[in-house]
Participant: 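One structure, as structure tokens, below. Some questions next.
Note that the coordinates shown come from a computational prediction; the quantities given were computed from them, not determined experimentally.
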Amino acid sequence: MSPDVTLTAQSQMGVGTNASGGFAITVNGTPPAAGTRVINAPIAPTSSIQGTNQFGINLVANNSPSVGHDPEGPFANAFPSPGYDQPNEYKFVDGDTVAYSTNVSLVKKFTVSYILNSAPDLHAGIYSTTITFIASGRF
């Protein structure tokens, strides 16, 4: 990690349901940590800020930094949740719903964008995390 570089990654998930109430996808986990040292995760949408300790995600295409894609699929009733739907704005809250549909939906593909920034005084260590996404039908 370097205070002059934003680390990025992305993952994809597809979800659809025949549940009359649609679906909800939650994000579960903790920000990256090395022992007791945890990299901050904003609880409100925030721009990527190099030189600060920051971890966040969103589910749309971004150009600052360039990472991710907008959701893809034929159904117009499946969306990223508010707070995770703003380009170039990132947040992470354990247990948040990051995407949802309002009723029956064919498969929609969501791309999760991850950013990680570090401050010059970040303590050395092996920073790691495990993030789990859970898709549930709403009946």
Side-chain angles (χ1 to χ4, degrees):
M1 295 189 282
S2 166
D4 301 325
V5 176
T6 300
L7 299 177
T8 62
Q10 61 186 26
S11 62
Q12 295 180 330
M13 57 190 157
V15 63
T17 186
N18 64 354
S20 59
F23 66 79
I25 302 172
T26 59
V27 62
N28 306 273
T30 59
T36 61
R37 306 210 186 270
V38 179
I39 294 179
N40 298 328
I43 61 171
T46 305
S47 299
S48 174
I49 305 168
Q50 291 180 345
T52 65
N53 292 326
Q54 179 188 38
F55 171 75
I57 66 172
N58 73 20
L59 279 73
V60 292
N62 305 282
N63 58 20
S64 180
S66 180
V67 62
H69 299 281
D70 287 330
E72 301 172 43
F75 265 44
N77 67 333
F79 314 95
S81 296
Y84 296 95
D85 62 347
Q86 300 172 39
N88 306 316
E89 299 284 318
Y90 308 88
K91 68 180 263 189
F92 177 83
V93 177
D94 179 39
D96 263 4
T97 297
V98 295
Y100 67 97
S101 72
T102 53
N103 49 37
V104 174
S105 175
L106 291 177
V107 174
K108 187 106 174 190
K109 181 170 72 173
F110 293 95
T111 299
V112 181
S113 301
Y114 306 83
I115 59 134
L116 181 69
N117 288 304
S118 60
D121 62 351
L122 179 67
H123 292 282
I126 298 172
Y127 288 80
S128 65
T129 187
T130 300
I131 306 294
T132 304
F133 294 91
I134 299 172
S136 302
R138 295 195 237 181
F139 298 93

Participant: Side chains of Val98 and Phe110: does their closest heavy-atom pair fall under 4.5 Å?
Facilitator: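 Side chain of Val98 against side chain of Phe110, heavy atoms only: no contact under 4.5 Å found.
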Participant: Under the side-chain contact (heavy atoms from CB on, under 4.5 Å) rule, what do Ile131 and Val27 come out as? Steps first, then yes or no, please.
Facilitator: CA-CA 7 Å; Ile131 306 294; Val27 62; 3.4 Å; yes
Participant: Among Thr6, Asn40, Leu116, Ile115, find the residue that satisfies the side-chain contact (heavy atoms from CB on, under 4.5 Å) test when tested with Gln54.
Facilitator: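 So, applying the side-chain contact (heavy atoms from CB on, under 4.5 Å) to Gln54 and each of Thr6, Asn40, Leu116, Ile115, only Ile115 qualifies.
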Participant: Does atom CD1 of Ile43 have more than 12 heavy-atom neighbours from other groups under 6.0 Å away?
Facilitator: no
Participant: Less than 4.5 Å apart, any side-chain heavy atom of Ile25 and any of Tyr84?
Facilitator: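 The answer is no, as the side chains (C-beta and beyond) never meet within the 4.5 Å cut-off.
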Participant: Please tell me whether Thr46 and Glu89 have a donor and an acceptor in their side chains that are separated by less than 3.5 angstrom.
Facilitator: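 Distance-only check fails for Thr46 and Glu89.
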Participant: State, yes or no, whether a side-chain contact exists between Met13 and Leu59 at a heavy-atom distance under 4.5 Å.
Facilitator: yes
Participant: Below 4.5 Å, heavy atoms only, C-beta onward: do Phe79 and Asp85 meet side chain to side chain?
Facilitator: no
Participant: Measure the acute angle between the ring planes of Phe133 and Tyr114, then classify it against the limits of 30° and 60° as parallel, tilted or perpendicular.
Facilitator: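 Geometry flag for Tyr114 against Phe133: perpendicular rings.
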Participant: With rounding to the nearest 0.5 Å, note down the distance linking CG in Asn62 to NE2 in His69.
Facilitator: 10.5 Å
Participant: Between Thr111 and Gln12, do the side chains contain a donor N or O and an acceptor N or O under 3.5 Å apart?
Facilitator: yes
Participant: Say whether, by atom type as modelled, one donor and one acceptor occur between the side chain of Asn77 and the main chain of Val104 under 3.5 angstrom.
Facilitator: yes
Participant: Taking atom CZ of Arg37 as the centre, report whether more than 12 heavy atoms of other residues, nucleotides or ligands fall under 6.0 Å from it.
Facilitator: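 No - once you tally the heavy atoms of other residues, nucleotides and ligands closer than 6.0 Å, there are 12 at most.
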Participant: Under 3.5 Å, side chain of Ser101 to main-chain N/O of Asn103, donor-acceptor pair present?
Facilitator: yes
